[in-house]
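Remarks on the structure that follows.
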Amino acid sequence: MDPSSTKIIFVTGGVLSGIGKGVVSASIAKLLQLRGYNVDMIKIDPYLNVDPGTLNPIEHGEVFVCEETWTFTPAKGFNFRIAEIDQDFGTYERFLDKNMHPRNNITSGQVYLSVILKERYGEFLGKTIQVIPHVTNEIKRRIYEVLKKSSPDILIVEVGGTVGDIEAMPYLEAIRQIILEKKFDTLLIHLTLVPYFEPIGQLKTKPTQHSVRTLQSLGLQPDIIIGRSKTFLTEEVKKKISLYCNVTKEAVFSDPDIEIIYELPLLFEKQKLGEILVEKLNLKKKEPIKSKYIEWKEIVQTFKKSKDKIIIAMPGKYTNIYDSYISIKEALRHASAFNKLSLELVYRDSTLYEKDEKIMSNDMKKVDGILLTPGFGTRGVEGMIKVATYALENDIPFLGICFGAQLLFVAFIRKFLGLKAANSIEVDPETPYPVVDLLPEQREQELKGGTMRLGSHPIKVIKNTLLYNAYQKDIIYERFRHRYHIMPKYAREAMEHGLVVSAYDLSGKIINAIEIKNKKWIVGVQFHPEFKSRPGKPSPIYNDFIRATYSYRREKNN
Ligand code: GLN
C-alpha cells in the first residue's frame with residue numbers, strides 16, 4: 001500500500017436510513033471505475049452481530065453471500081467463518097461487476113469481539129480499555145487491512161445507519177482521526193434526505209442542516225453533499241444547503257427518484273460529480289473511458305426498451321419489506337431486460353395463501369411464472385407448498401430457490417408419492433417422511449452463526465437437463481447458504497414418478513438441483529444463482545426461466 005497514492009472516500013448518511021446510501025456509494029465507485037481506477041469498497045455496519053447471517057431479513061433486508069468465505073480471527077485460537085454480509089455488497093457487485101470479500105464488511109460485533117479478546121490475551125496490559133483509542137484503533141486497523149489486501153487506487157467506506165446514531169459514534173471518530181492524520185487523500189460525502197413538503201410545495205433543507213451540524217459537532221466537515229429527493233434540487237435549494245452546511249454550491253448534488261438504479265452513475269456524471277471527485281482527490285484520469293461509459297449506458301438502455309412484459313409471482317415469508325429478496329428481484333430484472341421484457345412482480349406474503357386458497361389461485365391465474373423464494377423456519381411454509389403444488393398441477397414455469405426448491409420437492413412427494421405428511425425436518429421435526437433433512441455435517445452443529453454450508457461450491461450438472469441447457473457446462477460454481485438438503489433416498493423414489501436430479505456436488509452425495517420431466521419448465525436449485533447475476537450479464541438459469549415464462553405468456557394469450 002502506497003499511502004501517498006491511495007485515496008479514501010467516506011460516505012455517511014443523514015436524516016433517515018434506507019435512502020439508498022448503498023446505491024449512491026456504488027454509483028460513486030462506478031464513476032471512478034469508468035475512469036479506469038481500481039476501486040474497493042467497505043461497508044461498516046454498527047450493529048453488534050458479528051455478521052448479518054443470524055438476522056431476520058425483515059429486520060435488515062437480504063443477507064448477501066460472497067464467493068469466498070473468510071476466517072475471521074479476532075484473537076489467537078478464535079476462528080469464525082464469514083461469508084454472509086450486508087446486502088449493500090450485492091449492489092456493489094452488481095454495479096462494479098466484481099466479487100467483494102467478506103472482510104470488507106466491518107461490524108461492531110467483530111470490532112468489539114477483537115478488542116475484548118485481545119484484552120484477555122494481555123495485548124493492552126496495564127491499560128484501561130476504552131472506545132478511544134482502543135476501539136477506534138481496531139476500526140482503523142480493519143480499514144487498513146482491506147487496503148493492504150486489495151491495494152485499490154480508491155477505497156470507498158460506506159458507514160451504515162445515520163449520523164447521530166449512538167452505535168456509529170466510534171466509526172465517525174475513527175474517520176475523523178484518519179482525515180486528521182493526512183496519510184491519505186480523503187473525501188467525506190454526506191447523503192441526506194431533502195424532503196418535499198406537500199402543503200407548501202417545497203423541498204425542505206432543515207433536516208440536512210441539522211444532520212450536517214451533527215457531523216460538524218463530531219469534527220467532520222462534508223466535502224460533498226448529495227440530496228436524496230423526489231426531484232432534482234433547485235438552484236435555490238443548493239444555494240441554501242451550501243450556505244448553511246459550509247460547502248460550495250458546486251459540491252451539492254441531486255439524487256432524485258429514478259426508476260432504474262443503474263442510471264444513477266450516469267445522472268451523477270451529467271451533474272459533474274465525476275469531475276469534482278477527480279479534482280478533490282487529485283486524480284489523473286479526468287474523463288470516463290469512452291467505450292466503458294457507452295457500454296454502461298447501453299446496459300441502462302436495455303432496462304428502458306421493452307417489447308413486451310411478463311408477470312411473475314414471488315410468494316415468500318419476508319414480503320413486508322422491499323429489500324428482503326433484493327438480489328432475486330435484481331436477477332429477475334437483469335434477465336427480463338436482457339430479453340427486452342419489462343417485469344411485473346406479484347409480491348405476496350405466503351401466509352395469505354394458507355388462509356384463503358382463492359387468493360392464491362387468483363394470483364396464479366394472472367401470472368406467467370412463479371419464483372419460490374428462499375427462507376427459514378415454519379411460518380408461511382404451507383402457503384409456499386400450495387404454490388409449488390399449483391405449479392405442478394397447472395404446469396406453470398417455476399423456479400424454486402433453495403428453500404423454494406426444497407418445498408417444490410416436498411410438494412412433489414406429497415402429490416406423486418402420496419406421502420401427505422412429508423415435510424422438511426426444519427418445518428416439522430416429527431414428520432414420518434423427512435424428505436428434506438439436515439446436511440450430514442450439520443447434525444452436531446451447535447453454533448448458529450456462520451455455520452451453514454456457505455459460499456461458492458462446484459456443482460456437477462447432468463447432461464440433457466434444463467439446467468445443462470441453461471449453463472452449457474459440466475461444472476459450474478454457484479453460491480450456497482443452507483443447512484438442510486433434499487434426501488437422496490426419497491429423490492430416487494421420486495425419479496420413478498418424473499422427478500429429475502439435474503445437479504450434484506462433486507461427491508455425488510448432495511443433490512444440488514431438481515426439475516420435473518414433461519412439464520414446460522419447472523426447476524428447483526439448492527444454490528442462489530441470483531448473487532452472481534449482473535446487469536447486462538444475467539444468470540443463465542434466471543435467463544432461461546424468464547424465457548420460459550415469456551413463451552408461456554405468449555402461448556396463453558394466443
Ligand atoms: N432453510 C433452508 C436450509 O437451511 C433453506 C435456506 C435458504 O433458503 N437459503 O436449508
Side-chain angles (χ1 to χ4, degrees), residues 20 22-23 26-27 29-30 33-34 61-62 64-67 87-100 258-266 292 294-314 322-347 368-374 397-402 404 456 466-467 469-472 476-479 521 523 525 527-551 553:
V23 174
S27 298
K30 191 75 198 173
Q33 191 194 49
L34 289 174
E62 169 191 276
F64 190 72
V65 178
C66 293
E67 194 72 8
Q87 62 164 2
D88 278 345
F89 284 91
T91 309
Y92 304 163
E93 289 203 355
R94 290 186 280 273
F95 272 72
L96 301 177
D97 190 13
K98 173 178 167 168
N99 289 345
M100 304 301 300
I258 46 173
E259 220 171 291
I260 294 130
I261 52 166
Y262 304 109
E263 196 172 8
L264 192 57
L266 303 175
K292 287 192 188 265
I294 290 173
E295 193 189 338
W296 188 254
K297 231 172 151 172
E298 283 172 356
I299 289 176
V300 171
Q301 278 309 316
T302 61
F303 288 85
K304 295 188 164 175
K305 283 192 208 138
S306 48
K307 56 173 193 233
D308 207 346
K309 75 160 184 181
I310 45 168
I311 309 175
I312 291 182
M314 229 182 115
Y322 180 83
D323 276 354
S324 41
Y325 304 105
I326 184 97
S327 291
I328 292 180
K329 287 181 180 166
E330 289 306 308
L332 290 172
R333 267 195 200 107
H334 300 160
S336 304
F338 193 77
N339 289 287
K340 301 195 177 57
L341 296 166
S342 67
L343 171 71
E344 189 185 316
L345 285 178
V346 177
Y347 192 45
D368 312 312
I370 301 167
L371 188 136
L372 204 58
T373 48
F398 176 101
L399 177 59
I401 305 289
C402 201
S456 170
L466 295 171
L467 197 72
N469 255 358
Y471 285 90
Q472 300 285 332
I476 57 170
Y477 286 82
E478 291 285 6
R479 303 181 191 176
W521 202 96
V523 172
V525 292
F527 43 91
H528 292 265
E530 61 274 14
F531 293 138
K532 286 170 76 162
S533 174
R534 313 275 201 246
K537 273 194 227 165
S539 148
I541 197 71
Y542 275 82
N543 195 42
D544 274 16
F545 170 56
I546 292 296
R547 284 165 48 172
T549 297
Y550 186 50
S551 31
R553 180 180 177 88

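The first residue in the sequence is number 1, and the count goes up from there. The structure displayed is predicted, hence computed values, not measured ones.
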Tell me whether [X] contacts the main-chain N or O of [Y] through its side chain, where contact means a donor paired with an acceptor under 3.5 Å.
X	Y	answer
Q87	S324	no
R553	D368	no
K30	F95	yes

- Task: With I546 as reference, evaluate L332, L399, I541 under the side chain to side chain contact (heavy atoms under 4.5 Å, CB included) test and give the passing residue.
- Result: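 For I546, the side chain to side chain contact (heavy atoms under 4.5 Å, CB included) check succeeds only for L332.
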Calculate, to the nearest 0.5 Å, the distance between atoms [atom1] and [atom2] belonging to [X] and [Y] respectively.
X	Y	atom1	atom2	value
I312	F398	CD1	CZ	12.0 Å
F64	E93	CZ	CD	3.5 Å
L343	I310	CG	CD1	5.5 Å

- Are side-chain heavy atoms of H334 and K537 found at a separation under 4.5 Å? no
- Please determine if E330 and R333 form a salt bridge, counting it only when a charged side-chain N lies under 4.0 Å from a carboxylate O. yes
- Query: Would you call E67 and K532 a salt bridge, using N to O less than 4.0 angstrom?
  - Reply: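 A salt bridge is present here (some side-chain N lies under 4.0 Å from a carboxylate O).
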- Message: Aromatic contact between F89 and Y92, with the criterion being ring centroids under 6.0 Å apart: yes or no?
- Response: yes
If you take all heavy atoms of [X] and [Y], which pair is closest and at what distance?
X	Y	result
L341	K309	CD2-N, 4.4 Å
L34	K292	CD2-O, 3.6 Å
A548	P397	O-CG, 3.7 Å

- Using the six-membered ring wherever Trp is involved, compare the ring planes of W521 and F545 and label them parallel, tilted or perpendicular (cut-offs 30° and 60°).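 Tilted.
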- Query: So does E259 have more than 12 non-hydrogen atoms from other groups sitting under 6.0 Å from CD?
  - Reply: no
- For atom NZ of K305, is the number of surrounding heavy atoms from other residues, nucleotides or ligands below 6.0 Å larger than 12? no
- Message: Walk me through whether I401 and Y542 qualify under side-chain contact (heavy atoms from CB on, under 4.5 Å).
- Response: CA-CA 10 Å; I401 305 289; Y542 275 82; 3.4 Å; yes
- Query: Between Y550 and D308, do the side chains contain an N or O donor and an N or O acceptor separated by less than 3.5 Å?
  - Reply: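 A pair is found: one side chain offers a donor N or O, the other an acceptor, under 3.5 Å apart.
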- Message: So, using salt bridge (charged side-chain N to carboxylate O under 4.0 Å, His left out) as the criterion, who are the partners of D88 when residues are at least two apart?
- Response: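 Residues passing salt bridge (charged side-chain N to carboxylate O under 4.0 Å, His left out) with D88: K43.
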- What residues form a side-chain contact (heavy atoms from CB on, under 4.5 Å) with I299, not counting sequence neighbours? W296, F303, P535
